[in-house]
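Residue numbering restarts at 1 for every chain, and letters A, B, ... go by the order of the sequence lines.
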Amino acid sequence: AQDAWFPYPAEEVTPAFSTDGSVAEVTYEPLAAAEKPWNICVSFPHMKDAYWLGVDYGVVAEAERLGVNLNVVEAGGYTELNTQISQIEDCVASGADAVIVGAISYDGLNNVIGEVAGQGIPVIDVINGVSSSEIAAKSLVSFHTMGFETGKYLAEKHPAGSDPVTVGWFPGPAGAGWVEAANTGFLAAVEGSAVTVLEPRYGDTGKEAQLKLVEDVLQANPEIKYIAGTAVTAEAAQGVIRERGLKGEVDILAFYMTPGVYTGIQRGFITGAPADSMVIQGRIAVDQAVRVLEGKEYFKHVGPKIFVVDQDNVKDVARENILPPEGFSPVFSVKK
Amino acid sequence: MTSAAATSSFPGLIRKIFVRVGVLPFFLLGALVVFTLLSPKFLTGQNLVNVMRQSVYLVLVSLGQMLVLISGGFDLSVGTAIALTSVVSATAMVFLAGIFPDAIWLVILLGAFAGFAAAACVGLLNGIGVAYFDVSPFIMTLGVSSLAGGAALFLTGGVPVSGLPFAFADIFGFGRLWGVPVPVIVAVICIAAMWIFMSRTALGTQVYAVGGNIKAAHLSAINTKRTLMMAYVICALIASLTGLLLTARVESGEANLGGTIALESIAACVIAGVSLRGGIGRVENVVLGGFFIVLVQNGMNLAQISSYMQMVLLGALLILAVIFDQLRYRMIMSGS
Amino acid sequence: MTSAAATSSFPGLIRKIFVRVGVLPFFLLGALVVFTLLSPKFLTGQNLVNVMRQSVYLVLVSLGQMLVLISGGFDLSVGTAIALTSVVSATAMVFLAGIFPDAIWLVILLGAFAGFAAAACVGLLNGIGVAYFDVSPFIMTLGVSSLAGGAALFLTGGVPVSGLPFAFADIFGFGRLWGVPVPVIVAVICIAAMWIFMSRTALGTQVYAVGGNIKAAHLSAINTKRTLMMAYVICALIASLTGLLLTARVESGEANLGGTIALESIAACVIAGVSLRGGIGRVENVVLGGFFIVLVQNGMNLAQISSYMQMVLLGALLILAVIFDQLRYRMIMSGS
Amino acid sequence: MSKLIETRGLTKQYPGVLALDHVDFDLEPGEVHVLFGENGAGKSTLISMLAGANTPSEGTIHLDGEKVAFDSVGQAQAKGIYTVFQEFSLIPTLTVAQNIFLGWELRRGPFLDHRAMRKRARGMLEELGFDIDPSAIVAHLSRAQQQMVEITKAFHGDLKVLILDEPTASLTDREVDHLFDFVASLKARGVGIVYISHRIQEFARIAERVTVLRDGAVIGTVAMSDTNDDALIEMMTGRSFDQIYPAIARTEGEEILKVSGLTAPGIKAASFNVRRGEVLGVAGLVGSGKSRLFRAVMGLTPVLSGTVSFQGTDITGSATRDIIMGGMYYLSPDRKAEGLDLAKTARDNLSVNIVAGARNTGGSPFIRWRGVNTRTDEISDHVELHPGYRNKPVSQLSGGNQQKVLFGKCFGQEADLIIFDEPTVGVDMGTRAALYLLIKQLAEAGKAIVVISSDLPEAMNISHRLLVLAHGRISAELSGDDMTEDQVLKYFFDETGATQ
Ligand SMILES: Nc1ncnc2c1ncn2[C@@H]1O[C@H](COP(=O)(O)OP(=O)(O)OP(=O)(O)O)[C@@H](O)[C@H]1O
Ligand SMILES: Nc1ncnc2c1ncn2[C@@H]1O[C@H](COP(=O)(O)OP(=O)(O)OP(=O)(O)O)[C@@H](O)[C@H]1O
Ligand SMILES: [Mg+2]
Ligand SMILES: [Mg+2]
């Protein structure tokens, strides 16, 4: 059952690679197996949290299913753009047939992607998105959309006219592309509703950093009704809320999904979070890579359908599609 | 060297106090006033308790850092010691909780020991390298921190270790004794112990001596190697204790706790007048130093100062603090 | 003190070489052999050029860092100087390109100058603080780096600056001259200049003298303040140059370039035998040191070593390198 | 078995240097046994092994007839052997009291008893006649004062053997007298004392026996009663000296330095002048302000009032660097703290003044090292620094040789007025004679020379005029026939300064 993730509800963007293209509902069907064991290289910003672990699980599982070789490298953090470039170059040097990139920077990789693509090596853009036009395919849902979905969830609960609510907003580390995207998305969604958002509190996605931010914001604005932000923020906030006996008065939202958030929702501490099925994004990316290499036709720009997980539907969602399985520890290479 | 001009402007009394107790008290006072004006929420009992609790972690680590700095060294691996403690103790507790589900206290105790043991190894490594192989403390602790950090990530694959005994988090994370948060109590005890150690025991004096001039200390029949060892091990153990408190605080074992605390703790020490050349430093000032940094961060958060601006201000403050400290030093030298 | 036992095992010749040139060449050789065995792709012309280009950035920054270290200081703000240069020059170029769309070279030149100017300010701040206010270099550069980092984020609001002139990226990022990557050429020139400066000019000698014993230098009619100033400014300018090359490489102005390069560059210097106490260090060794670190990273990527393992190995290597350097030092002392 | 300490074939091999060559040495209870020899002869090396600070390459040490092998100072102290080290064993960042009790702190219960330690420390300092505040930070003391602390530190109850390595190098007669009284009382208690000094005139006062070292080997051991200075010097150097103080011809040149009413930290209303072609001596007790007076002149400490004019131009309160470039050079008394870069070679240290010393950097921006090296060699020859030492890290040179390097630095700068502050601290007879000759040459070549010295004979014998300081003011300016020992001493203790 573990492998039967497809068919999976997805959304295709046309024209491909456009930021404001039209979105069409599709169902994604991957190949049964690869023709030959291609060497695929995957570059991640880092492998320090459950989110990228999920993507890792996705690419690894799919590689095993399709029967291709996989090598995963990670740059060590969102400040390591230069390292990521070097690692991608090293991937190519070590003979990769295709490269899957979870980009640290939206523009910063265009150059190296151009170089790699120039050598006839397809580059697949996963999760974070890049502005380069020379990539072969995108498997992602924009964090803009994630932020937007989160905001929409609130806006629908508190439409214009209903009594106003204040939201503490913690988008994540300043300067990271995905953070800015989610930030704009979220703010756009609550625009015009009864929701007022406080000054965004940027901060490292380390738990103690987020913890401090949450505490201070609660201190400064006791009137807060919601805490929305990164998954780490949500995980950290649970304790504070419980400590201060605010459970029920202050609700928590995350704009992406992690195991911590998932259990938080199950235990009723966290109201909800949109699931971008990062596992599936990873799987699709690998499948796309193989299709490109084998000249089969494929969706150029596609991503799993986003849906918000909350108390009501948490029991019916297939966990292995939106999160890494319990006890999965990162795999850096798959050899056939 | 000294500039009588620069000093004569102060009215005598202020100046006396300034020369005696240093610049930090003034800065603290200033910070209190400014932030009280900027945010009504700042000077509330609740928030001050809040700041106290937040500052515990930096203050504790700074105490250990101070010890190493005074011994003429440097410890960049405190952050890693925290992370390692967190994952090791958490893993141990979760594992043990499975075996003795009803001996919670035993579980917590053993888990804590596991964490201390792991951190002690880090300290021992540092100590051996610095004391017996004369490796530059900078490179030694940097290397060890990269080494141990890798190990910590191995253990967890970046996924937080959740499912700790509730009692642990409830008591050491959020618990209170006579209305005082438990972490604060722990910190106070450590501070007192450290103060006695540094100023009332021969071992403490030896640390100062080794840092002041290691050759002379050797000629004065001091076991310099053992003293250095001790400094690094104690530092690691204090960091480990901090790691436990943080783990309880965030209710999970995290491999990326304490990311920036190494630099922060050194900063706290230096603005508190600890010399990076070794031999000079006082416990009470270091406590103030750590507290000051956290207080300012908290105040700026409450005053809704944008995160970017906060970086700028914090940087400027650090520099100012040290510049004033220099002026003070010159006053003392010029014998006023 | 010295352990004849530890040394007698080496055959005489090797030992002589070891004592003369130090441990790095051996480590490089070892790395080459090991990685060649581990990965057939490693010892290919393409990959070596690849490594060269990748190492340029660390090597350059290390040169500047060396200057400051020799002067008895410390520069933690090189990373920020890089980031600041990147956003300032990028912003300037984009802006100017709008005004003089067809004077691309002018645009690039002015943009570069803007970047240099910004970095120069960082260097001046550091220099003034250290030289004229006797602020500890550690805290001064740490403060400045936080300050300038905030400013850089301000400028861009965290969003990368894109739309640079193509010529800029094409030439300085990925261009080649006589088959040699332009960045490499730039680096070679800098290295040569630095070598001459340190070993053939009075200013260079003054830097050594100030780092060796600043009071003695003062009594030898050396303008210690000016010398320190110079060291920090030059360091910042070299970092700035690196920032430009990186900006060209990533084709956009990024506020979080060079996150960890400060520590890395210090590490490169220390394993190259630069003393953190000041006064000692050689250009040629520092170049080897930087190159070595990058080479190992590249080799490990090609050998597909899991990135957690990489952290562990790199840490161990750093320590080993310095331990061997100590053994060497003792051999010299024991007169062999 | 009446021998307290006995060494057999003690040998120490350093890289390229045989510092000690099969030395047989013995010490009897209640005697003062002097080690005498040129700089680098191996005196400190020998005692460092008795003290446990250093381990022999060959040979054995016997204490009360039983063989001992110390691998730490602690072990030696446990056997009652305490040492006053030539290069000091003080922690600059700690207080005097903390330094004195380092390693044997007084406790009340489990905790340190700081008050008691300060009290005891004050007692010990007074007993030795050193007036130093026990709670002062050592780094703020002058070298002489640090010397006193180092001495005090060595006096423990269980003292059995006391080793003194050049304890009087920067002390004045007053402190020396106190020290010798104390040494006498120790002798009476049967303590054995190894004494190292270059001040030969001291030996007759305290020593029973003298062992002369040359190039690490024992030349001979003689009883003080049946030898004399000349004989000892001849043993030490292999040649004989008639007179180590040269007669310096006095050519009254024009006034080059004029100081009037100078008041500065520790200095009250000092007025004097220096002329080309003359040597001005400056004498005074420790702490009398000898150094501080000229530190103020050099702009190292602020001038509170008064004027300093050099070669006609007023340089009051201008930057040290400009003063040096103007042609005045100050030779620091403290070679470790502000004299030398110990990690570098002697050559590097000398080059700094030639290359970087701004005066010589005119013209091409590039250094021609060949030229610089020949210059450093010339200077090294001048100061008789053995070629073997020139490319060694200064930290590996013997104390006296380090002093020679320091002395050499002033030849890098082309100075017109050179201020030597304690120029011959720890320098052996032969070398001192050579250094005095250099001073003679400089003076007779029309340069102006100031010699600050705690060594009264030196101050009197090589100077044409002598300033005597007491309590930070100039208590007398003597010249010609008034420059007699008791005259000077009278003004040493001149109390007028103290009374206001
Ligand atoms: N750590 C060392 N490494 C190498 N050589 C050394 C070291 N210490 C001393 N030496 C050498 O050993 C020899 C003896 O030095 P030592 O200090 O014993 O001379 P000394 O008799 O004390 O001279 P001085 O009267 O100047 O103090 C000298 O040649 C010196 O250069
Ligand atoms: N290099 C120095 N640094 C700091 N203080 C100094 C220095 N030299 C002298 N002093 C101060 O001067 C006092 C005694 O030294 P000073 O030079 O004033 O008189 P002096 O007669 O030269 O005594 P000494 O023989 O100790 O040099 C000491 O108390 C010390 O505080
Ligand atoms: Mg000696
Ligand atoms: Mg003096």
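- Applying the 6.0 Å contact sphere to CZ of B/Phe133 captures no more than 12 heavy atoms from other residues, nucleotides or ligands.
- The choice from C/Leu125, C/Val270, C/Leu318 that makes the most heavy-atom pairs within less than 4.5 Å of chain B is C/Val270.
- In terms of heavy-atom proximity, B/Val312 sits nearest to C/Leu147 at CG2-O, 3.6 Å.
- Atom-to-atom distance recorded for C/Asn126:CG and B/Ile319:CD1 is 7.5 Å, nearest 0.5 angstrom.
- Proximity to chain B (any heavy atom under 4.5 Å) is restricted, for C/Leu276, to the side chain, taken from C-beta onward.
- Using a 4.5 Å cut-off between heavy atoms, B/Leu142 contacts chain C through its side chain alone, with no backbone atom that close.
- Heavy-atom minimum distance, B/Ser146 versus C/Gly315: OG-N, 3.6 Å.
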Derivation of the side chain to side chain contact (heavy atoms under 4.5 Å, CB included) call for C/Tyr132 and B/Ile323
CA-CA 10 Å; C/Tyr132 292 92; B/Ile323 289 184; over 6 Å; no
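- Both the backbone and the side chain of B/Ala267 have a heavy atom closer than 4.5 Å to some heavy atom of chain C.
- Of the atoms belonging to B/Leu153, heavy atoms from both backbone and side chain fall under 4.5 Å from chain C.
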